[in-house]
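Any value given below was found using the heavy atoms of this structure, including those in side chains, with hydrogens, waters and symmetry copies removed. Note on naming: letters A, B, ... go to the chains in the order of the sequence lines (proteins, then strands), and numbering restarts at 1 for each one.
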Amino acid sequence: MPELPEVETTRRHLEPVLVGRVIEEAIVSHPRTARRNASAEELVTRLRGRRVEALRRHGKFLVGDLDEGWTLIAHLGMSGRFSFGSPEEEPPVHTHVLLHLDDGTVVRFTDPRTFGFVAVFDEDEMASSPLGRLGPDAWSDAFDASVLAESLAGRTAPIKALLLDQGPVAGLGNIYADEVLHRAKVHPLTPGRDIPMDRLEAMVTATREVLAEAIEAGGTTLDDLAYLLPDGRAGENLDRLRVYGRTGEPCVVCGTPIERIVVRARSTHFCPDCQH
DNA sequence: AACGATCCCTGTTGGC
DNA sequence: TGCCAACAGGGATCGT
């Protein structure tokens, strides 16, 4: 499923295609994908004629700066994916948004499970957008141990849940949260407020390492969930995962079998020996 | 305010 | 072999 590395990989592929282009026409064929706007028709109206000035990312959100003060927000959800091609090509099944650009390229948003969305907000709406509740981006210098310590102070929820919350840090999902906790040797059920400073520092370092590896590999494509890069290739990070999806396999550090528990209705993988 | 449960959605999987 | 329930999960929402 798309997390920060998959969204960043998507951003890097889309940036040269979108930035500087004008969206001449937009087609939105699934109302749920447009649910952050008043209607699919409103989203189409807001997209039409807009020039894309920049493509950024915060956490798992893609952020497109449009002209005249508009902002494009897209989230891949569980199964969302962007691709691009020519108008003559048949779009993939479950393609819900088409952006016809002024150079003839068509950008497509495809999302079988419709957990993702595409939206356009004005400046006032941006103030109350989903971005407002996000903590510092996990792949930025704004995320460090002192910031993390501040946001975890007094928090009794398990650290795994707090990492998924996007408040203390934005961009980690179920796969990379497990990977970070394993590398930092922190048990996923540890209450946030009980993690000592040296473990918080280890978590920040582990986050940078895990994300750097995953971005370099083009993200993680699981066997059963087909996240694909915009050019159709699979991400190559799966073999680098040390705990996620490895229940029962020996820990690469100590050999103890990896355990699986459920935290906040999310599968959670950890080494009971390394992570106390 | 913080936390936990529930819901949305559909392709894939596992059990019978 | 075929059918169907269970499962997967990011984020919003709601109750406590």
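With C:dG11, B:dC3, C:dG9 as the candidates, the nucleotide lying closest to the side chain of A:S267 is C:dG9. When the nucleotides C:dA8, C:dG11, B:dG11 are ranked by their closest atom to the side chain of A:Y244, C:dA8 comes out on top.
Between the side chains of A:T220 and A:Y176, at least one donor N or O sits under 3.5 Å from an acceptor N or O.
Atom CG of A:L62 is separated from atom P of C:dG11 by 12 Å (rounded to the nearest Å). The nearest whole Å value for the distance from the CE atom in A:M78 to the P atom in B:dG11 is 12 Å. Atom-to-atom, CG of A:D111 to C1' of B:dG11 comes out at 12 Å; the value is rounded to the nearest Å. Summarising the geometry, the separation between CG on A:L76 and P on B:dC9 is reported as 18 Å, rounded to the nearest angstrom. The CZ-P distance, from A:R32 to C:dA12, rounds to 12 Å in whole Å. Computed from coordinates, the A:R81 CZ to B:dT10 P distance equals 18 Å when rounded to whole Å. Between the P atom of C:dG9 and the NZ atom of A:K60 lies a distance of 11 Å, rounded to the nearest Å.
Within the structure, every side-chain polar atom (N or O) of A:R113 is placed at least 4.0 Å from both OP1 and OP2 of C:dA8. In terms of phosphate contacts, A:R36 brings no side-chain nitrogen or oxygen within less than 4.0 Å of OP1 or OP2 of C:dG11. Contact check, A:H75 against C:dG10: no side-chain N or O comes under 4.0 Å of OP1 or OP2. Residue A:R260 places at least one side-chain N or O under 4.0 Å from the OP1 or OP2 atom of C:dA8. Residue A:H94 places no side-chain N or O under 4.0 Å from the OP1 or OP2 atom of B:dC9.
In terms of polar N and O atoms assigned as donor or acceptor, the side chain of A:R266 never comes within less than 3.5 Å of the base of C:dA8 in a complementary pairing.
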Each nucleotide N or O in nucleotides 3-6 of chain C that has a protein N or O under 3.5 Å away: list the pair and distance.
none

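For A:E213, the side chain to side chain donor-acceptor pair (under 3.5 Å) partners two or more places apart in sequence, or in a different chain, are A:R183. Residues that satisfy the side chain to side chain donor-acceptor pair (under 3.5 Å) test with A:T268, not counting sequence neighbours, are A:K160. With sequence neighbours left out, A:H75 forms a ring pair (Phe, Tyr, Trp, His ring centres under 6.0 Å) with A:F61. In this view, A:H182 satisfies the ring pair (Phe, Tyr, Trp, His ring centres under 6.0 Å) rule with no residue, not counting sequence neighbours. With sequence neighbours excluded, the residues forming a ring pair (Phe, Tyr, Trp, His ring centres under 6.0 Å) with A:F270 are A:H187, listed by chain and number. Residues forming a ring pair (Phe, Tyr, Trp, His ring centres under 6.0 Å) with A:F115 (at least two apart in sequence, or on another chain): none.
With a 4.5 Å cut-off on side-chain heavy atoms, A:D65 and A:R56 count as touching.
Non-hydrogen atoms lying under 4.0 Å from DNA chain C are contributed by A:Q166, A:N174, all within residues 156-182 of chain A.
Taking for each of A:R155 and A:A265 the nucleotide of DNA chain B with the nearest heavy atom, the 5'-most of the two is the partner of A:R155.
Remark: ring of A:F115 stacked against base of C:dG9; centroid gap under 5.5 Å, plane tilt under 30°.
Within a 6.0 Å sphere centred on CD of A:E125, other residues, nucleotides and ligands contribute more than 12 heavy atoms.
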Result block: side-chain N/O donor-acceptor pairs under 3.5 angstrom for residues 129-147 of chain A, not counting sequence neighbours:
unit_1	atom_1	unit_2	atom_2	d
A:S129	OG	A:M126	O	3.0
A:S129	OG	A:L131	N	3.2
A:D137	OD1	A:R57	NH1	2.7
A:D137	OD1	A:G59	N	2.6
A:D137	OD2	A:R57	NH2	3.2
A:D137	OD2	A:W139	N	2.8
A:S140	OG	A:D137	O	2.8
A:S140	OG	A:A142	N	3.3
A:D144	OD1	A:S146	N	3.2
A:D144	OD1	A:S146	OG	2.9
A:D144	OD1	A:V147	N	2.9

